[in-house]
Amino acid sequence: MSSHVVVLAAGQGTRMRTTLPKVLHRLAGLALIEHVLRAASSLSPASVVVVVGHQADRVKAGLDGRADLAFAQQSDQRGTGHALMQTAPHLGNKRGTLVVLSGDVPLIRADTLQRLVATHESAGAAMTVVTATVDRPYGYGRIVRTEGALARVVEERDASDEQRRIKEINSGIYAFDLEPLFDALETIPTAGSVNEIYLPGLVTRYRREGRAVETISVDDPNEVRGINSQTELAEVKRIVRQSKNEELMAEGVTIEDPATTYIDADVTVGADTVVHPGVILEGRTHIGARCELHAGVRIVDSTLGDDVLVRNHCVIERASVGSQSRVGPFAHLRPDTEVGRDARIGNFVETKKTTLGDGSKASHLTYLGDATIGTGVNVGAGTITCNYDGTHKHPTTIGDRVFIGSGTELVAPVTLGDDAYVGAGSTITEDVPTGALGVARGRQVNKEGWVASRGSSGRRDD
Ligand code: UD1
Ligand code: CA
């Protein structure tokens, strides 16, 4: 049977108290709704419709590049049932199974969705609800059963004291038979002071009609945790972080202090790599085997080869570092930096849009921007590429085996040929040919006896 998916994401998320729409809040490097869409994709659905409403354009922009999605607009947020009604133009004439997911329930697993669809279809149910038994049911709709069967869902605000003690909750995730669905939605009575249409109201409706309503429950209640507030978001982040760390440790990564290690969902780390406290690995970052990442390192969307050492407090963004190289402490590799193999980037070095070839070194206090640097180059302490003239950025090209003396300024555009030397303290404004020595600095003048001739009044005592 073909399946379809709807993700409800039109709500305002008032309880988050942010201008950012709730479903765009980030969890392990992905928006909440992207976690939901990933789980949904495991069903290979025939269509996926996202219901947007509050800040619809912003939510759509956040999902830009997902050409497989259709959007339905819910102009007034009148509840989850009303939200689903807005998908009728997309799904009203479709048949088969519809899986409805909440944009704010991000940890739902692919295998649970598969089990949901399988149970629903083999029971020939009109509706199947995913439930969980939780210690703190506050805020969730409670599952009210009679003779073991689901009778109805009672929302927190409508529940009696006795019902509030029920620990089995509605996850907000359902499977529906599409055939009766849209007609039935029209008949759910409105609820609350704002005339909302609650999707769980369908349970009551279907039971009255004698249609089969099933449930499946998940063992790990974290899987269906809904995020309504900042506190709940932080709790879910902690859960996700812990499971990512555990997954990496199971693959042979040493994590010195999991409580302070923040690794996004899509990051990969090779075996025998050691991660010290306070390391943050974000986005599409890939770390090789046997690397060592010292405390306070932050790496974003970057790739490190094997056996790379990154010393304390480096920031590496959209860059790559070849195997056996060493970086830091206190280095900043900015976007489009490519460091070769067995290279060194040392203390207080900043790079941007720069290639540093295999075996090359920039060990101290240097800025390299818009530079292409060959292999076996030594960039002396305090070297600066002057790449910006106030209007344009200009390139610096440095051949292989070049030696640049300390305190050099390379005024771009400029090229240093292979095997060239630059004398310390030079301000290089012209190309230096292959094998040549370039020196560009004032000649030293020593004035004999000058200090004594100033007399004692001019002496500094300190
Ligand atoms: C809902 C369920 C509750 C369940 C809980 C699980 C209802 C009435 N209640 O409550 O039984 O235990 O989820 O997390 O369904 N949305 C819209 N349009 C709207 C309202 C909401 O698209 O008009 C979307 C929201 O963006 C969100 C999802 O539906 O992604 C759930 O809405 P929310 O207001 O968070 O429902 P809960 O109060 O958590
Ligand atoms: Ca919710």
Side-chain angles (χ1 to χ4, degrees), residues 5-16 18 20-25 27 31-37 40 49-56 58-60 62-63 71-87 100-108 127 129-134 136-144 150 152-159 163-164 166-174 176 185 188-192 194-205 215 217-218 221-233 235-236:
V5 169
V6 165
V7 180
L8 303 182
Q12 195 178 343
T14 325
R15 290 163 279 179
M16 295 301 285
T18 55
L20 181 69
K22 175 162 71 174
V23 295
L24 293 186
H25 275 270
L27 170 63
L32 294 181
I33 191 167
E34 289 176 273
H35 287 268
V36 177
L37 291 168
V49 184
V50 179
V51 183
V52 291
H54 178 73
Q55 294 203 60
R58 211 164 158 191
V59 174
K60 282 187 192 173
L63 292 170
F71 292 94
Q73 183 80 27
Q74 185 195 22
S75 300
D76 316 311
Q77 283 75 63
R78 289 185 43 218
T80 46
H82 182 255
L84 186 55
M85 286 162 77
Q86 312 313 309
T87 66
V100 174
L101 302 167
S102 261
D104 66 348
V105 182
L107 302 188
I108 187 70
M127 174 176 188
V129 182
V130 178
T131 77
T133 300
V134 302
R136 289 181 298 156
Y138 177 80
Y140 290 98
R142 308 297 205 284
I143 298 292
V144 179
L150 172 58
R152 60 197 187 102
V153 175
V154 186
E155 294 303 312
E156 177 77 38
R157 74 190 80 158
D158 306 322
Q163 286 166 336
R164 287 207 171 100
I166 298 173
K167 290 194 165 174
E168 189 181 12
I169 57 104
N170 169 26
S171 68
I173 293 166
Y174 320 88
F176 293 101
L185 281 172
I188 304 178
T190 55
V194 284
N195 280 338
E196 293 204 359
I197 300 173
Y198 290 169
L199 188 48
L202 266 189
V203 173
T204 325
R205 164 87 204 164
T215 58
S217 64
V218 294
N222 285 336
E223 199 187 327
V224 296
R225 280 264 261 233
I227 295 175
N228 298 307
S229 65
Q230 297 284 349
T231 304
E232 286 165 352
L233 176 61
E235 282 171 12
V236 169

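Each ligand, and each atom within it, is numbered from 1 in the order the structure gives.
No part of Glu196 comes within 4.0 Å of ligand 1, judged by heavy-atom distances. Using a 4.0 Å cut-off between heavy atoms, Lys22 contacts ligand 1 through its side chain alone, with no backbone atom that close. When heavy-atom distances to ligand 1 are checked against a 4.0 Å cut-off, Ile169 has no atom that comes that close, whether in backbone or side chain. Only the backbone of Ser171 comes within contact range of ligand 1, with a heavy atom under 4.0 Å; no side-chain atom does. At a 4.0 Å heavy-atom cut-off, ligand 1 touches Ala9 through the backbone alone.
In this structure, Arg164 does not pair ionically with Glu155, as no charged nitrogen and carboxylate oxygen lie closer than 4.0 Å. A salt bridge links Glu156 to Arg142: at least one charged side-chain nitrogen sits closer than 4.0 Å to a carboxylate oxygen.
The Ca ion (ligand 2) has Asp104 OD2, Asn228 OD1 as protein N, O or S atoms under 3.0 Å away.
Distances below 4.0 Å separate heavy atoms of Gly79 from the following atoms of ligand 1: 18 (N), 19 (C), 20 (C), 23 (O). Listed by atom number, the atoms of ligand 1 under 4.0 Å from Arg15 heavy atoms are 34 (O), 35 (O), 38 (O). The atoms of ligand 1 that sit less than 4.0 Å from any heavy atom of Asn228 are 35 (O), 39 (O). Within ligand 1, counting atoms from 1 as listed, the ones closer than 4.0 Å to a heavy atom of Gln74 are 17 (C), 18 (N), 19 (C), 22 (O), 23 (O). For ligand 1 and Tyr198, the ligand atoms under 4.0 Å from any heavy atom of the residue are 8 (C).
The closest approach between a heavy atom of Gln12 and any atom of ligand 1 is not below 4.0 Å. The shell of residues lying under 4.0 angstrom from ligand 1, judged by heavy atoms, excludes Gly53. Under a 4.0 angstrom heavy-atom cut-off, Val51 registers as lying outside contact with ligand 1.
Considering Leu32, Asn222, Thr231, Ile227 as possible partners of Val236, the one that fulfils the side-chain contact (heavy atoms from CB on, under 4.5 Å) test is Ile227.
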*Run the salt bridge (charged side-chain N to carboxylate O under 4.0 Å, His left out) check on Glu235 and Arg136 step by step: do they pass?*
CA-CA 13 Å; Glu235 282 171 12; Arg136 289 181 298 156; 3.6 Å; yes

